[in-house]
Amino acid sequence: MAINKYLHKPWNQNCVGSGMKSRQFNISLWLAATLVGMIGTLVTQVASAEVKFENNTQKASLLKEKRGHRKIRQLSKLEIPLSSAQHLLVQSPTPINPPSAPASQGEKQGDIIPITGVKANPTDKGVEVILETPVGTQLQVTNRSAGNNFIVDVSGGQLRLTDGNAFTFRSDKPVAGITQVTVTNIDANTVRVTVVGEKALPTVELFDDDAGLVFAVATTATAMQPPQTPQTEEKPAPSTPQQTPSTQGDEPIELVVTGEQDGYSVPNSSTATRTDTPLRDIPQSIQVVPRQVLEDRNVRSLDQAIETVSGVVQTASTFAGELSGGKIIRGFLQYGNFRNGFQDVGYFGLTPIGTIEQVEVLKGPASVLFGQVEPGGIINIITRQPLSQPYYNLAFEAGSYGFYQPSIDLSGPLTKDNTLLYRFIASYQGAKSYQDFANTEQTTIAPSITLNLGDRTSLNLYYEYAHLLANPPNAPIALLSNGSFTPRSFYTGYPDLNLLEVTTQKFGYTLNHKFSDNWQIRNNIAISLDDIKRDNRAYAGGLEGDRFLTGFTVYGEDSGYEFNNYFGQIDLLGKFNTGSITHQLLVGFDANRLVVPSEPGVFSNDVPPLNLFNPNYNVPRPNFEFSFQASIGTTQSYGVYLQDQVAFSNSLKLLIGGRYDWISSENNTFGDGIDPVVENNGAFSPRIGLLYQPNNTVSLYASYSRSFVPTGGRSANGELFEPTRGTQYEVGVKTDFLDGKLSTTLAAYHLTKTNITTTDPNNPQFSIQIGEQRSQGIELDIAGEIFQGLKVIASYAYTNAQVTEDNITPVGNRLSNVPENQASLWTTYTIQTGDLEGLGFGLGLFYVGEREGDLDNSFQLDDYLRTDAAIYYRRGGFKSAINIRNLFDIDYADASYSRVGINRGDPLTIVGSISWEF
């Protein structure tokens, strides 16, 4: 290929990292026993309340029982601040909810009263909003107005589902004259109710009821009518919904409970099915790392973000983690990642951590929806979106090795009716390194807007700019004969000959239109432009006598190349029934075009060895020669897919789908006089999964899926190679504990990759397709809240990945950089009450077992157990934290591609952060 210099990856099948003496098996047994013991303890916990949801949408229902609540004066006429919500009630000898009454289990937790649900019910005057809590009289209420906004702050409460996760409520245009009603948590102990009038300040009254606090919102016309005589008791609501007045017709109001996840357990994901589906309804292993975990750990890169996911480890590169690179999932290497479900940057792109809302990892073959991908799985980045409520966050971080980062995150509506929303994220990062000479600068700017074009149509447009300058970047290190590494501060290359400058730009749109409540069409365009402006490398190819780094090949002299990806998609999503069987059908088409232009490349071998004990970095600039001509490579693909999520009953569900891809690739080297080479491929990728749910907390599943990746080149007889194929069989169980506060996934899989090219023994200049590799294992993932304030995310993976057929590599060799045992545990505890409320602590343990350093299994990387810690304080909108990575300063390797190409793990690193959110 014309750009082999830049695509050359000797680490393609050899990736690992470690550097401590072997204690692998004992530690892994201890971690596994700890996790099993934790699960056993959790099962014994007592359940609390229950709230039912249907596809994240809670249907508003009419209260039909006798209410017995009391009407009061308008909030705008009350003196503020008020000491208690009970003061708003008409005095009675026997209050409905006396403040002295003890809270039952699950009602009041410490000094914070949970509001477990919000309902919007139509009335003859407008709509009433109910904050569901049995101890509403103990809440403190104040109100104010701003323009057409009527704002009520309810102190002492929090919006929390029974599973412990926070949520927000929004109802757009519930009645005539009211633009929007929202209910949100604004800090750790305050709930804000905002009612936006269309043309004037709305009229709002407060009632107390057995169901909770009731806010009666009147339409503009109703508010102008003479006041009615207060009633101490209302008649029962009509028994039939069609008799209830509603400005939207006779249909009940529907509200969407949007998941502002501040917990560790995420109930839904769209990555596996391209539909918003509960994780327990997906017959495949998928793990979600939510924003709260990313913030609590204060991760600096995508590599760090996925350390809590089972079966996912890093691969190695000459860039030592500066770029997106690749990840090893279930033993197989996948380059690049996805963004909001669409093809994103490849190996050479940038993925800023500050724009990420959460990370979703789909395990196993995913070609049925995503086209050409490796069989291990994919990583999908969910980005932060514009919000309908004002949100402003200013932050600053500083830490070890000269690290500092100011950042801003601003969002909210640009119009009063919320038809235009925006978000703007920006940051600048500067840092030196534990290696001499190395330093980096990175800039991120990410604006986005959302246009609500009516009740059924929305358009989101985004742009993201990221720029990295590493002058020089961290250099890979060498493994000495005694098993130690080169000194931490020692730079193993020539710093004046190493430089990396990359710019990544992403832009596109997402257009959704709902024909009805059951059918919608979606259109997406996603463009990613990776411009590697300067890629100068001077790293060693060998080690002589544990003293000299030798075999330097210098690439660069400011030569550049690009990876430009253009993606477009349109699909139709609908729900319907065939008798008693329900369907969620997805049919779609997508197209992708990858263009890789490169400038003429130069190289030189005219560089002396580097003495480890007496380095001389002052060498003359070498004489460069051309290594290849300018070229351009293009890959064009088209795919059609069909998927059906079938529910035969509440307990038996089927997921079935298939996709066909057409792929054409062309490589053209300028000035060589050879006609461009065109290769055409096609592949069908099926998936089928069956899921049985004996109750509301347990899901048993089995699935079969396949994947493909085109293989370039031809055999000695001129035949095109078939795509490599991945085939997986998986079974598992997903279980929810503690009323859904804690979720677990246990999966076992058998995964093979076939049609791997190996050297043709009869003609070594060509290849044949007889290679096969297999990975099989067991994975356990746990995430959620054990009790209020104590959150945990943990994982364990046993992976047996090896060569099963090959004519060069010995059968039975383990795949490189794949540990047999891997485990992680991250947990935080936040004090809930008292003077220290908001103070929290975090502890993390990350174990990676021994790995083979290359596919030949010529050397190993030791296992390691790294300890992280955190202490933080959060009160209202103020947040401060100190995060410690590698608390005991162990020396270990993340991964390797050769004995002189090892990516070292960070030493003891401390970062302090402070932010204001308002």
Side-chain angles (χ1 to χ4, degrees), residues 13 15-18 24 27-28 31-32 35-36 269 271-272 279 282-289 293 302-315 325-335 337-338 359-366 373-380 701 703 705 707 726-734 743-753 773-783 793-802 814-826 845-852 861 863-864 866 894-895:
Q13 300 173 349
C15 319
V16 186
S18 182
Q24 165 186 358
I27 293 176
S28 61
L31 287 172
L35 295 178
V36 172
S269 170
T271 297
L279 294 178
I282 300 173
Q284 195 168 348
S285 181
I286 178 171
Q287 273 68 55
V288 180
V289 184
V293 176
L302 184 58
D303 284 343
Q304 295 181 9
I306 48 86
E307 288 177 320
T308 57
V309 180
S310 66
V312 183
V313 292
Q314 296 183 32
T315 185
K327 310 293 181 292
I328 298 176
I329 309 174
R330 287 188 170 175
F332 294 106
L333 179 59
Q334 170 66 42
Y335 286 111
N337 45 262
F338 289 75
V359 181
E360 301 183 357
V361 182
L362 177 62
K363 312 280 191 66
V373 290
E374 294 289 345
I378 67 165
I379 295 176
N380 184 29
Y701 72 88
S703 64
S705 55
S707 65
T727 304
Q728 176 180 271
Y729 301 89
E730 179 179 332
V731 295
V733 56
K734 302 182 181 184
S743 300
T744 65
T745 299
L746 178 64
Y749 65 91
H750 179 91
L751 176 60
T752 58
K753 180 179 179 179
Q773 297 173 355
R774 185 216 65 211
S775 177
Q776 57 188 11
I778 298 173
E779 297 170 344
L780 173 65
D781 289 270
I782 304 170
I793 183 168
S795 69
Y796 170 77
Y798 168 79
T799 309
N800 181 358
Q802 60 181 259
R814 288 171 54 190
L815 302 187
S816 60
N817 291 309
V818 182
E820 200 167 69
N821 292 280
Q822 172 203 5
S824 69
L825 171 66
W826 172 262
L845 300 173
F846 299 88
Y847 174 76
V848 176
E850 184 183 80
R851 297 137 293 159
E852 296 295 335
L861 298 176
D863 65 337
Y864 68 87
R866 192 190 76 238
D894 281 325

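Worth saying up front: this structure is predicted, and the values here are computed from it rather than measured. Both backbone and side-chain heavy atoms feed into the values below; hydrogens, waters and symmetry mates do not.
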Taken to the nearest 0.5 Å, the spacing of Q304 CD from D894 CG works out to 9.0 Å
- Message: Could you check whether any side-chain heavy atom of Y749 comes within less than 4.5 Å of a side-chain heavy atom of K363, counting everything from C-beta outward?
- Response: no
Point to revise | Validation row: D863, N821 side chains within 4.5 angstrom (heavy atoms) | key: no
message: Within the structure provided, determine whether V818 and V313 are in side-chain contact (heavy-atom separation under 4.5 Å).
response: no
**Message:** Does V289 form a side-chain contact (heavy atoms from CB on, under 4.5 Å) with V309? I'd like the steps, not just the answer.
**Reply:** CA-CA 8 Å; V289 184; V309 180; 3.6 Å; yes
Here the pair of heavy atoms bringing Y847 nearest to Y864 is CD1-O, 3.2 Å
Residues passing the side-chain hydrogen bond (donor to acceptor under 3.5 Å, both in side chains) test with Q802, sequence neighbours excluded, are N800
Note: Q728 and G364 closest approach over all heavy atoms is OE1-CA, 3.3 Å
What one should report as the nearest heavy-atom pair of A366 and I378 is CB-CG2, 4.1 Å
Residues S795 and D781: closest non-hydrogen pair is CB-OD1, 3.4 Å
task = Verify the distance criterion only: is there a donor paired with an acceptor across the side chains of S775 and Q773 at less than 3.5 Å?
result = no
Of E779, E374, Q776, the one forming a side-chain hydrogen bond (donor to acceptor under 3.5 Å, both in side chains) with R330 is E779
Sorted by chain and number, sequence neighbours left out, side-chain contact (heavy atoms from CB on, under 4.5 Å) with S703 holds for E730
key: Heavy-atom side-chain proximity of P819 to L861 below 4.5 angstrom   = no
What I'd like to find out is whether the side chain of L333 reaches to under 4.5 Å of the side chain of L815, using heavy atoms alone.
no
Output for pair (I793 CD1, W826 CH2), nearest 0.5 Å, gives 11.0 Å
Residues at least two apart in sequence or cross-chain that pass side-chain hydrogen bond (donor to acceptor under 3.5 Å, both in side chains) with K327, listed by chain then number, are D303
* To do: Give the C-alpha distance, both sets of side-chain angles, the deciding distance and a yes or no for side-chain contact (heavy atoms from CB on, under 4.5 Å) between Q334 and V373.
  => CA-CA 7 Å; Q334 170 66 42; V373 290; 3.7 Å; yes
Here the gap from S310 atom OG to I778 atom CD1, rounded to the nearest 0.5 Å, amounts to 11.5 Å
In this structure, CD1 of I379 is separated from CG of L302 (nearest 0.5 Å) by 5.5 Å
Q.
Salt bridge or not between E820 and R814? Use side-chain N to carboxylate O under 4.0 Å.
A. no
Applying ring pair (Phe, Tyr, Trp, His ring centres under 6.0 Å) to F338 and not counting sequence neighbours gives F370
Residues V288 and L279: closest non-hydrogen pair is CG2-CD1, 4.2 Å
query: Is there a side-chain contact (heavy atoms from CB on, under 4.5 Å) between Q287 and T745 once you walk through the steps?
result: CA-CA 9 Å; Q287 273 68 55; T745 299; 3.9 Å; yes
By side-chain hydrogen bond (donor to acceptor under 3.5 Å, both in side chains), Q284 pairs with (sequence neighbours left out) R687
Sorted by chain and residue number, the side-chain hydrogen bond (donor to acceptor under 3.5 Å, both in side chains) partners of S269 (sequence neighbours excluded) come out as E360
Item to complete: Indicate whether any N or O donor in one side chain lies under 3.5 Å from an N or O acceptor in the other, for T308 and S824.
Response: no
All heavy atoms of F332 vs all of G376, minimum pair found to be CB-N, 4.1 Å
